[in-house]
Amino acid sequence: MSDKMKVELLAPGGSYESVLAALNAGADAVYTGGEKFGARASADNLTTEQLIDAIHYAHLHHKKLYLTINTLLKNKELEQELCSYLEPLYKEGLDAVIVQDFGVICFLRKYFPKLPIHASTQMTIFGSRTVNELKRLGVSRIVTPRELSLKEISAIYENTGMEIESFVHGALCYCYSGQCLMSSFIGGRSGNRGRCAQPCRMEYDLKLNNQTINAKNEKYILSPKDICTLKILPEIIESGVYSLKIEGRMKKLEYITGVVEIYRKYLDLYLNNPDSYKVSEEDINKLLSLFNRNGFHESYYKQHNGRNMMSLKKVAFRAENEEYTNELKEKYSGKKLKESIDIYVNCKKNEPISIQTNLSVLDAQNNSVKKEIVVFGAIPESAQKRPLDEDTVRKQISKLGNTDFVVGTLEIDMDSDIFLPVSEIKELRRSFINQITEKMLEKFQRYDKIQNHSEKTVDVVLTKKTGTSALVWNSNQLKQVLSLQWIETIYLEMVQFPEKELIQSIQLIKNASKKAFLALPYVFRKKNEKILDAQLIGVLHQVDGVLVRNIEQYFYLKEKKYFLDYRLDYNVYLMNNYSVEYYESLGVSQTAPLELNYKELRRMNLSQSEMILYGKIPLMVSAGCGLKSLNQCRHQNQQFQLIDRKNNTFTVQCVCDHCYNLMLNCKALSLLKYIKEIETLNCSSYRFIFTTESEKEVAEILEKARRSFKEHEIVREDDSTTRGHFQRGVL
């Protein structure tokens, strides 16, 4: 990226006041949420009227406002609420929406064709293939996962030319964005729906080989420090990042304005004189005083994980720097930016008084052009007693008060011995400001008619036969599954099998006249691609299909021209029929969503979807490693346990070749008691997931399932398993 290219400083806004304050403090754009569909449902989100006011304010001051629709939407929301929610904002010139959901992207492209779409970090975009697909769908910007390195970001930019937005300051999720179900499954508050309860900020003990290995004062094993990238800002920009994103929609106004002010200072320093770029410790200390979790680190841009990135100890109480925060409040709270306008007033006998300016407005190509604005008022009369003087005119015209403007130069050409009521001058001033405002906002307004949309109905025609599958992590589990004729498809968790054992296992499955699928790794970055390149050559021609954990994997395999059955796993999300339609257009089958209840699933087209009936659902996929954070990494694919405050035990699998942790739920999902209801959903198949279960446990679970399927026996469940969201769903 050329250092002459303008770079955007993007700030959070959790309330109407903080949106305006962020713009006042120097942000080029603000991202904020409305009353629906945002990933911070508990923030003081803006009403539609406030959003429109904020859009106008931003545009009057040559800035932008982006709206977060970065959650997964249910059918009812997408079909009945999204259009009416967006339409008034779209017409007033909303600059972009930030979106997580492929279904929402397809919906917006159809019904709001001129609305720019930014792909959220929640989409977990790992590579150029996905970015090029998003470009094809009409997406104009991507927000990278926080875990990507500078090299990976640079490669995406060079291979796609896509506008890139990346986080530069603020809090980090421990889990890969969009790959977390922990808050959802243990407390019913879904991060995919904007209601994360932040379980990663809670205390845990880490047990390895039945021994607690964390110190008593190091229990915050999943809690990263906040990031501060001031010192590497030039490198981030040069990697191809256009928009520098600050996290913090839940933070106070003084936090937002303080961070924006300092990043504005250093961004301008870099853009104006990159050779003199140097960060003062005084400014770092100011940022620390606003908020930190036992210090800062520089994010994943240059390292994959590590102890220095984690806030293992309890965060010490921070005494507020009242002098600094009061200074920020005074500078930015309740204030307005002002656009300077040069004014010419003509006040002559027998002519309507007029007020005129040459206004800078944007043309269709976003170039600044001058446009003459003239507003006429009443005709002055001859003065009978006290004539109108120039000082009075100047005083009244200059009273722009709480408007978005301030007078620059004011030239007045007037006759003597004339009279005009002051009220007429005030009315002229009001009309003039209204005219200027209208002209400045005119370019942003959209007048295209929003076409009517209809619901995607689901014709439930029960299939003659529903398939059954099992996913296994080891040979003992495989042995048990192979013995059952009614299990038709077997998924081998690829990272759990050594290469030789993997090939042997595929052959055993084929010999048993069953279908063999590879379950691919959950992470697919540049490093992982190289590993898979070597591993897949010898096995892909032997299997019937693959279970895809990231959409980048699908485009990678299609690029390699592997003609297989592709099934997307549960974490390649779908929650509405627009998503289903999109994935079907790619020729892939899906896995039924885990966060919808039975009634909501009934509204889904699941005819090409497999439903998980049993399994310890992975709650987190993280670049961070609990063992690495405690200096215990041995690169041996170990398992360890995290014990929470309620003594729940979560097994974590280290996947060392691909360098990620996979955390399993403390309880297995089991829906066997709901077979009658599930049969009405018209799923293509049912899946059983076996991870840490012994061979004996696998046998018991599958026998229980057989009795439920074949003999229609009523299955009893206890507290050792969970029903997930099948009854309650998520808000």
side-chain hydrogen bond (donor to acceptor under 3.5 Å, both in side chains) between Asn528 and His658, intermediate numbers included: CA-CA 6 Å; Asn528 314 110; His658 296 271; 3.1 Å; yes
Check: Thr144 and Val241 side chains under 4.5 Å, non-hydrogen atoms: no
Close side-chain approach of Pro593 to Tyr570, heavy-atom, < 4.5 Å: no
For Lys558, all residues meeting salt bridge (charged side-chain N to carboxylate O under 4.0 Å, His left out), sequence neighbours excluded: none
Beyond-backbone contact of Leu82 with Leu108, side-chain heavy atoms, under 4.5 angstrom: yes
Residue list, side-chain contact (heavy atoms from CB on, under 4.5 Å) with Lys114, at least two apart or on another chain: Tyr90, Arg446, Asp448
Residue pair Leu73 / Phe37, side-chain heavy-atom distance below 4.5 Å: yes
Row check, Tyr255 ring normal vs Lys251 NZ/CZ: under 6.0 Å, within 45°: yes
Side-chain H-bond candidate by donor/acceptor type, Thr130 with Glu552, under 3.5 Å: yes
All side-chain contact (heavy atoms from CB on, under 4.5 Å) counterparts of Asp275, not counting sequence neighbours: Asn273
Sequence-distant partners of Tyr220, side-chain contact (heavy atoms from CB on, under 4.5 Å), two or more places apart: Glu203, Ser223, Lys314
Residues that Tyr332 engages under ring-ring contact (aromatic ring centres under 6.0 Å, His included), provided they are two or more places apart: none
Glu77 vs Arg193, salt bridge (charged side-chain N to carboxylate O under 4.0 Å, His left out): CA-CA, chis, key distance, verdict: CA-CA 12 Å; Glu77 296 166 333; Arg193 303 277 294 165; 2.6 Å; yes
Side chains of Ser128 and Thr160, donor plus acceptor under 3.5 Å: no
N/O donor-acceptor pair under 3.5 Å between Tyr300 side chain and Pro145 backbone: no
Cationic N near anionic O, under 4.0 Å, Asp28 to Lys64: no
For the student: nearest non-hydrogen atoms of Ala11 and Ala22, plus distance: CB-CB, 3.8 Å
Intermediate values then yes/no, side-chain hydrogen bond (donor to acceptor under 3.5 Å, both in side chains), Ser184 and His725: CA-CA 9 Å; Ser184 174; His725 295 296; 2.7 Å; yes
Whether over 12 other heavy atoms sit under 6.0 Å from Lys252 NZ: no
Pairs satisfying ring pair (Phe, Tyr, Trp, His ring centres under 6.0 Å), at least one member in residues 118-144, at least two apart: Tyr66-His118, Phe126-Tyr176
Contact check, side chains of Tyr266 and Ser280, non-hydrogen atoms, under 4.5 Å: yes
Nearest-0.5 Å distance that lies between atom CZ in Arg189 and atom CG in Leu731: 10.0 Å
For the student: nearest non-hydrogen atoms of Val572 and Val548, plus distance: CG2-O, 3.7 Å
Between Ser149 and Glu152: side-chain donor-acceptor atoms closer than 3.5 Å: yes
Non-neighbouring partners of Glu133 that pass salt bridge (charged side-chain N to carboxylate O under 4.0 Å, His left out), sequence neighbours left out: Arg136
Any donor-acceptor pair under 3.5 Å from Glu529 side chain to Gly127 backbone: no
Under-4.0 Å salt bridge between Lys231 and Glu298: no
Student check: side-chain heavy atoms of Ile98 and Leu67 closer than 4.5 Å: no
Atom of Ser15, atom of Leu46 and distance for their closest heavy-atom approach: C-CD1, 3.5 Å
Sub-4.5 Å side-chain heavy-atom contact between Leu630 and Leu206: yes
Sequence-distant partners of Phe555, ring-ring contact (aromatic ring centres under 6.0 Å, His included), two or more places apart: none
Asp268 side chain reached by Arg264 side chain, heavy atoms, under 4.5 Å: yes
Salt bridge (charged side-chain N to carboxylate O under 4.0 Å, His left out) between Glu235 and Lys302, intermediate numbers included: CA-CA 10 Å; Glu235 296 173 74; Lys302 290 187 171 185; 2.9 Å; yes
Rounded distance (nearest 0.5 Å) linking atom CZ of Phe524 with atom CZ of Arg129: 5.5 Å
Between Tyr111 and Phe107, ring centroids under 6.0 Å: yes
Note: Lys245-Glu8 ion pair, threshold 4.0 Å (strictly below): no
Side-chain H-bond candidate by donor/acceptor type, Ser579 with Asp101, under 3.5 Å: yes
Any donor-acceptor N or O pair under 3.5 Å, side chains Gln100, Ser120: no
OG-OH distance between Ser589 and Tyr583, expressed to the nearest 0.5 angstrom: 12.5 Å
Interatomic distance, Ser239 atom OG to Leu150 atom CG [nearest 0.5 angstrom]: 5.0 Å
With Asp95 via salt bridge (charged side-chain N to carboxylate O under 4.0 Å, His left out) - residues at least two apart: none
Working for side-chain hydrogen bond (donor to acceptor under 3.5 Å, both in side chains), residues Asn661 and Tyr522: CA-CA 10 Å; Asn661 277 185; Tyr522 280 85; over 6 Å; no
Set of side-chain hydrogen bond (donor to acceptor under 3.5 Å, both in side chains) partners for Glu158, sequence neighbours left out: Ser154
Glu165 and Arg141 ion-paired at < 4.0 Å: yes
Evaluation steps, side-chain hydrogen bond (donor to acceptor under 3.5 Å, both in side chains), between Asn192 and Glu595: CA-CA 9 Å; Asn192 286 310; Glu595 295 189 281; 3.1 Å; yes
Aromatic ring pairing Phe650/Tyr204, orientation class (parallel under 30°, perpendicular over 60°, tilted between): perpendicular
Leu148 CG to Ile142 CD1 distance, which is reported to the nearest 0.5 Å: 8.0 Å
By side-chain contact (heavy atoms from CB on, under 4.5 Å) - contacts of Glu35 (at least two apart): Thr47
Under-4.0 Å salt bridge between Glu247 and Arg146: no
Minimum-distance pair of heavy atoms, taken over all atoms of Cys180 and Tyr573: N-OH, 4.2 Å
Non-neighbouring partners of Asp569 that pass salt bridge (charged side-chain N to carboxylate O under 4.0 Å, His left out), sequence neighbours left out: Arg549, Arg687
